[in-house]
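First up is the structure itself, then whatever we jot down about it.
Scope of the values below: all heavy atoms of this structure, side chains included, with no hydrogens, waters or symmetry mates.
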Amino acid sequence: MSFPQLNQSQVATLSEMSNGTGAFVQAVPDPKKDLAATYIEAMEAVRDNEQLVILGLIKEITDQCGEKLSEMYAATGHLARVFQITEIGQKMFEGSKSSTVH
């Protein structure tokens, strides 16, 4: 049995959320609108965030943000999802600061 591991990007996301606003907006990648490299990078972020949802460290709250997301879509032409850190995610990462490994 293998245990899930968090990558550096996921740790940075959780650390920023627990020490900041507690939520973030993610543009939904669109292969028809995005450049190939941008789309590939965005899909990596989607997979990272889905793992954090599965682990219960963040939750999707898109359905609670309809009006703001409609405004964002009108301005950008991209759909978006909104995620919020969960209580367990907050407890695990509060007080931590992300750092870049060289």
Could you grab the distance from atom CG of Leu14 to atom CG of Asp48, nearest 0.5 Å is fine? 10.0 Å
Anything under 3.5 Å between a donor and an acceptor, one on a side chain of residues 34-45, the other on a protein residue two or more places apart or in another chain? List them.
unit_1: Asp34; atom_1: OD1; unit_2: His78; atom_2: NE2; d: 2.8
unit_1: Asp34; atom_1: OD2; unit_2: Asp30; atom_2: N; d: 2.8

For residues Ala80 and Thr62, report the shortest heavy-atom separation together with the two atoms involved. O-CG2, 3.8 Å
Any sub-3.5 Å donor-acceptor pair from Thr86's side-chain atoms to Lys59's backbone N or O? no
Give a yes or no on this: more than 12 heavy atoms of other residues, nucleotides or ligands lie within 6.0 Å of atom CD1 of Ile88. no
Under 4.5 Å side-chain linkage, directly or through intermediates, the cluster mates of Val28: Tyr73, Leu79
Are Arg81 and Glu50 ion-paired here, with the side-chain N under 4.0 Å from a carboxylate O? yes
Sequence neighbours excluded, the answer for side chain to side chain donor-acceptor pair (under 3.5 Å) partners of Gln51 is Gln10
Value for CZ (Arg47) from OG (Ser9), rounded to nearest 0.5 Å, stands at 12.0 Å
Any heavy-atom pair between the side chains of Val11 and Phe93 that's under 4.5 Å? yes
Approximate separation, where rounding is to 0.5 Å, of Thr13 OG1 and Gln26 CD: 9.5 Å
Taking atom NZ of Lys68 as the centre, does the number of heavy atoms from other residues, nucleotides or ligands within less than 6.0 Å exceed 12? no
Could you tell me whether a side-chain N or O of Gln90 sits under 3.5 Å from a main-chain N or O of Ser18, the two making a donor and an acceptor? yes
How far apart are the closest heavy atoms of Met17 and Ile85, and which atoms are they? CE-N, 3.1 Å
Does Glu87, at its CD atom, have more than 12 non-hydrogen atoms belonging to other residues, nucleotides or ligands within less than 6.0 Å? no
Quick one: do Met92 and Phe24 end up in the same hydrophobic cluster if we chain Ile, Leu, Val, Met, Phe, Trp and Tyr together by side-chain heavy atoms under 4.5 Å apart? yes
Point-to-point distance, once rounded to the nearest 0.5 Å, from CD of Gln8 to CG of Leu6: 12.0 Å
Under 4.5 Å between side-chain heavy atoms, counting indirect links through other Ile/Leu/Val/Met/Phe/Trp/Tyr residues: same cluster for Met72 and Val82 or not? yes
Can you measure from CD (Gln64) to CG (Leu69) and round to the nearest 0.5 angstrom? 11.0 Å
Rounded distance (nearest 0.5 Å) linking atom CG of Leu52 with atom CZ of Phe83: 9.0 Å
